[in-house]
Colleague: 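My questions all concern the structure below.
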Amino acid sequence: AGHGVSACLITKTDTNPFFVKMREGATAKAEELGITLNSYAGKIDGDHETQVAAIETCIANGAKGILLTASDTSSIVPAVQQARDAGILVIALDTPLDPIDAADMTFATDNFLAGQLIGQWARAALGDDAANAKIATLDLNVSQPTVDVLRNQGFLQGFGIDLADPNVIGDETDPRLVGSDVTDGNEEGGRRAMENLLAKDPTINVVHTINEPAAAGAYEALRSIGRENDVLVVSVDGGCPGIQNVKEGVIGATSQQYPMLMASKGIEAIAAWAADGTKPSATDGKDFFDTGVALVTDNPVDGVESIDTTEGTNLCWG
Amino acid sequence: MPSSDNYESVVGKASAEIASFAGRDKRLIDRFHHALHTTPALVPLIVLVTAIIIFGLALGTRFFSPFALTLILQQVQIVGIVAAAQSLVILTKGIDLSVGAIAVISSVVMGQFAFRYGLPPGFAVVCGLALGTAIGALNGWLVAQMKLPPFIVTLGMWQIVLAANFLYSQNETIRSQEIAEQAPLLQIMGAKFEVGGAVFTLGVVFMVLLVMVLAFVLKHTAWGRHVYAVGDDPEAAELAGVDVKRTLISVYALAGLICAFAGWALIGRIGSVSPTSGQLLNIESITAVVIGGISLFGGRGSILGTFFGALIVGVFTLGLRLAGADAQWTFLLIGVLIIAAVAVDQWIRKVAA
Amino acid sequence: MPSSDNYESVVGKASAEIASFAGRDKRLIDRFHHALHTTPALVPLIVLVTAIIIFGLALGTRFFSPFALTLILQQVQIVGIVAAAQSLVILTKGIDLSVGAIAVISSVVMGQFAFRYGLPPGFAVVCGLALGTAIGALNGWLVAQMKLPPFIVTLGMWQIVLAANFLYSQNETIRSQEIAEQAPLLQIMGAKFEVGGAVFTLGVVFMVLLVMVLAFVLKHTAWGRHVYAVGDDPEAAELAGVDVKRTLISVYALAGLICAFAGWALIGRIGSVSPTSGQLLNIESITAVVIGGISLFGGRGSILGTFFGALIVGVFTLGLRLAGADAQWTFLLIGVLIIAAVAVDQWIRKVAA
Amino acid sequence: MEPILKGRGLVKRYGRVTALDSCDFDLMPGEILAVIGDNGAGKSSLIKAVSGAVIPDEGTVTLEGKEVRFASPIEAREAGIETVYQTLAMSPALSIADNMFMGREIRKPGWRGKWLRQLDRAAMEKMARDKLTELGLMTIQNINQAVETLSGGQRQGVAVARAAAFGSKVIILDEPTAALGVKESRKVLELIQDVKSRGIPIILISHNMPHVFEVADRIHVHRLGKRLCVIDPKDYTMSDAVAFMTGAKDAPEAA
Amino acid sequence: MEPILKGRGLVKRYGRVTALDSCDFDLMPGEILAVIGDNGAGKSSLIKAVSGAVIPDEGTVTLEGKEVRFASPIEAREAGIETVYQTLAMSPALSIADNMFMGREIRKPGWRGKWLRQLDRAAMEKMARDKLTELGLMTIQNINQAVETLSGGQRQGVAVARAAAFGSKVIILDEPTAALGVKESRKVLELIQDVKSRGIPIILISHNMPHVFEVADRIHVHRLGKRLCVIDPKDYTMSDAVAFMTGAKDAPEAA
Ligand SMILES: Nc1ncnc2c1ncn2[C@@H]1O[C@H](COP(=O)(O)OP(=O)(O)OP(=O)(O)O)[C@@H](O)[C@H]1O
Ligand SMILES: Nc1ncnc2c1ncn2[C@@H]1O[C@H](COP(=O)(O)OP(=O)(O)OP(=O)(O)O)[C@@H](O)[C@H]1O
Ligand SMILES: [Mg+2]
Ligand SMILES: [Mg+2]
């Protein structure tokens, strides 16, 4: 149907498996629909200028639609506006723009909800011990990007900790919080951050991690001092190695997102826009199209809906 | 046995003829050689033009249009401005790893002063520029007076400034729409004008003017010559009567000021004020400088070369993107092309030697 | 009027007395001065010990325990190994921005060769080490033979290798548990042993041995002296009979090999094989080198200094985290401390001059 | 008569090496003072200490009766002391003209000089060419050549020309003819006489005894970091001088 | 007799400057050949061209009748040509001993030399000290001093000592005494005679006419990038030589 139609996929980076899978999903769908897909990515997390340049390239290239996971949700808006003025359908994937209606539509996970689910699960899993838990949060990096804040604060909210300013990590005063450190979202950072926090307080027993690689690193640190079995590690993402780690008890629970779904939905929307000018519509009651998030754990708790790792494995990416 | 007739007196009779060897200047190739020697920036210019022609042939009007070509200018403007600052520092045998951080904190200060404290935008801009200059001057003081290595000083400053930036801004972005409404002056560097399909912004004009002014200053003022002398051999410069410390401090301070202007241009380019921008400016600016032919060991090269160096990277990047290369393939190919560009550069210098 | 008696013949009668000035070697302070001159690595060592003592006093046994102190060793092992490679390159007046990328791609190759192709782990490790050496040798060839600036060569190589790494690995992580089951050899560098509360890993031991071997080689072999000579003044070295090209290529190749070992150690440290690791290794290794007192302009400094430089950063980082600074403040304070460490270093050198 | 430039008890140590060992030094107005001594005797260290290039560890320097403490060579230059260092102090990548006018560039007349601070290259090049021609350094083919492309002797000629052109109170020459050819050396000696006739005193460090005895009014013999004696070239032969400086003969009692 | 080292039609251009303008050159076995000429005449360029330090644009170099093309100074050294360049070619941060043995270090005997490739510092230091003492450079206080801390003359002495210690076929000295004191110069001249008596021919570039006339067997007069003539010091006076090289007098017909 979409002959001669071209589309762009712009991700934050393409080193993170999450975005790699997103691209695979988009590529598969584009091939199916006969759309030419060009994909672009920032060099590092937070590399905003490359994304602007990519949008400009898409305009110059005459693309019909752009799928975008923005590194900087409000700074990208003028560039997005420029693209929309040029008649391009812009769909935000994974991360809503600020304001959210700057894009034609958003297909996203609710990252705050993702955090909240693991927070609630952790609290329920600890039961009465939750009142004197020792919590460490392993976040992304010092610039505190939006996902980082949403997942962290969602987790704390879910665990029942007063957030103070919900836009800032680290301003909470709850004594159960031992501290937070940054991981750059990889194993090495996860291990180092965990070691630092353990040196500060070796009795930590709940660990929130920004993603599963960081969780794997944290687990190594715990294992090296023999505490891998009495600390609860929770995470967000739902990549296949992550789910496998949940199955093996490395991670207690993780919130799974669906990047391939976001991407393929996005490509479909661009095809529809190219064909007859229809725009996709939002999920009822929300201002974006929620591609869903599910808590994956083999230890379900009351009051928090979850799926088990077998199902998680079927749905996992990467 | 040391003997002596009055041999030295003979020299009075020596002819005053000036050595003149067979003139080799007639042929075109010799003129070209000579031009390369007197204008080192010609080499990156040749690489640049070649790259434009090749991409133009491969991609046709998608690339070879006023719109796309001026798009490159817009895309390199921030790097270009910062690279001009970086050139100054590198010419003195230094390196400035804090350029990106200075640009960002300056833009954040401009934004926050205007919005958080409600100061007049013009004043906020001046504060941002002053802050950038001050940080640069502090770098310079540490390098010149305390004799610390520039790499370490600016690396430390980079961390300090970046962290201060996050702490001060509380990671808050000021949205484009608000700026457009309440303090459009902050975005003025993004103001566009079109000349027959070619789109220019004030930021681009600023970059070009800046490069031209700096080229003049470096070549035609005492200060400029001192910058080269300090980079060439600081001890010799000191002995020859250059105030090395003052020159260094002024270079770093000026670099800070230019970076602050880059921060202002950044607001124009992205519309909003975002504390997370500009993280790659360090490496990108140094790349432009080195591709442009300025030696990292100081004292050699020209700022025009840097400008062409920045454009070379911009051309490659846009060209490859337009050609539809994947992000990773683009990175890989740009890596290859950076090496190739410098190899060609070396080759031209060699055949021209 | 040039006159001449047979004045030069007088010198035959000159006394053969050797200039000897009043001995100034008795006092302790003079011995200290002398030690600083002959052993430049002493200065970062003093800074390191001071830092440990200050943090020890401030934080008590939380910091000043065998566990915490050896934790620092574990945390710096990768940076320490890579910084050793970086030192070699910087001693030759070069810089290697591809160290991190080489480490990562080597670890990925070790993992993928063992898992994707089912090769024996030992062989996979050898392949990884060979790849690292090959990339390093290519860097060296481009620098020595093509005479390209090291900064550009390794910057380009960094992009190429990193992109190749992502393309080849398809961003797939190999999980720790799988490696432990099927190819534990890959994790061997993470093997632990305890000596009274102090925890060491094979990787840490490797780092320490590596530094000691390199220190010996640089000081006591012809190759080592040539490395210094090449960095000091390549033209003079060439004229004096050093094979500058061979020295350069061997240095870069060896650096590549060491980085590949760092990649192996990385698997031991994080358990898994992850293509996204090691992104900060470039800047961290250069920082360690410069804090350790090696000049970025080549030819001066010692590899022991680098080792202490890496430890200084490790001590500051852990110390500040233990003292309760949050991530952003730690980042800021480390910036301050990096500058301060080098300032103290300069100060010690000055009073000792 | 008071010395125009005087050093007392100068000490300079480099680590374990004592380059100046409480050395005294006097330069009288209008004279040519030669400083001779073995390699490593500390001659260069001495003139560096009086010209601000190094700061002596101990001792005082007096210029025209006033004690001075130069923190840098710039201050010494501003006080009128012009020095040609043994290492020449040139920026290799810059041109001959740039090097000659380093630190005291000539600006264009009119608004371009005043507002744009533009250099008057033509004037600087002309003056540089004139000075070099005076020294007979006409083998230099191009005044805009980078100094690094000059032969060793040509470089030294440029440095001497610079000092001669700008010195106002004292000119110090550290082995100015070491790398020069016969013709060029002769020109430098003529230049030294010429400068002296303008009333400017000169310190000349040289290993060339015939040259020293030809031009010097007094000879400062330096040995093992201090002044051994000062002799009048009319009273002693070259053999004597060499004998003193190498230690083959004891120094005469009073300076 | 065949020249041991011969150059024919050597041309070297630096950009617009022609440093060697089809220059010929002959060194006979066992002789001391002096090369004299104005500053910038191209003397250093000539010896660089025959010693592998620069590759001539045109022309041939013949060593013992065989044409050679040295791609680097190392090859020339391996062929037995040892050169002291005017720039001295030392690594400033390294010690005197390190510099003297650069590229031909002595290893420890036994397994430590064989397997650890450990250097025999004691042996190298002893030999370095001996060579320097031979040259009378006893003012050097510490053989492990970095070369950058030596005085200009001391540095030159180290470079000459290095060449004298290792040259086997030809030794080339580019202004070896320029920065040396009277005593040290004399030692170098003695050393030159000494090397000659060992049957090794020497090329000596110098601006010091008395020295040249004292030691040289033949004098190659260089002017404007080429050989003007070769004279026998017994047939001509210093005045003649200076007159030829400065162009004050026309050169004699046959070389
Ligand atoms: N920067 C330095 N560091 C250490 N030692 C030094 C330094 N400069 C000079 N020296 C030492 O000080 C002593 C005197 O050196 P100086 O250069 O003054 O000698 P000089 O009389 O000028 O000799 P020459 O005639 O060879 O130039 C020498 O032994 C030298 O090694
Ligand atoms: N690397 C170079 N680049 C450009 N020109 C050069 C270079 N080396 C030498 N020249 C030029 O070549 C000519 C000959 O220089 P050369 O050093 O051979 O002279 P020389 O006879 O050794 O003089 P001196 O007695 O002063 O040492 C000079 O005019 C010099 O400016
Ligand atoms: Mg001296
Ligand atoms: Mg010469």
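What you see is a predicted model; the values in this text were computed from it and never measured. Reminder, nothing fancy here: chain letters follow the sequence lines and each chain counts from 1.
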Colleague: Using a 3.5 Å distance criterion without hydrogens, assess whether the side chain of E/Asp38 forms a donor-acceptor pair with backbone atoms of D/Gly181.
Modeller: no

Colleague: Assess whether atom CG of D/Asp232 is packed by more than 12 heavy atoms of other residues, nucleotides or ligands within 6.0 Å.
Modeller: yes

Colleague: What's the shortest heavy-atom distance between E/His207 and D/Val182, and which atoms?
Modeller: O-CG2, 3.6 Å

Colleague: Residues in salt bridge (Lys or Arg N to Asp or Glu O under 4.0 Å) with D/Asp130, at least two apart?
Modeller: D/Lys126

Colleague: For E/Asp250, is the CG atom crowded, meaning more than 12 foreign heavy atoms sit under 6.0 Å from it?
Modeller: no

Colleague: Quick one: does D/Gln156's side chain get under 4.5 Å of E/Asn39's, heavy atoms only?
Modeller: no

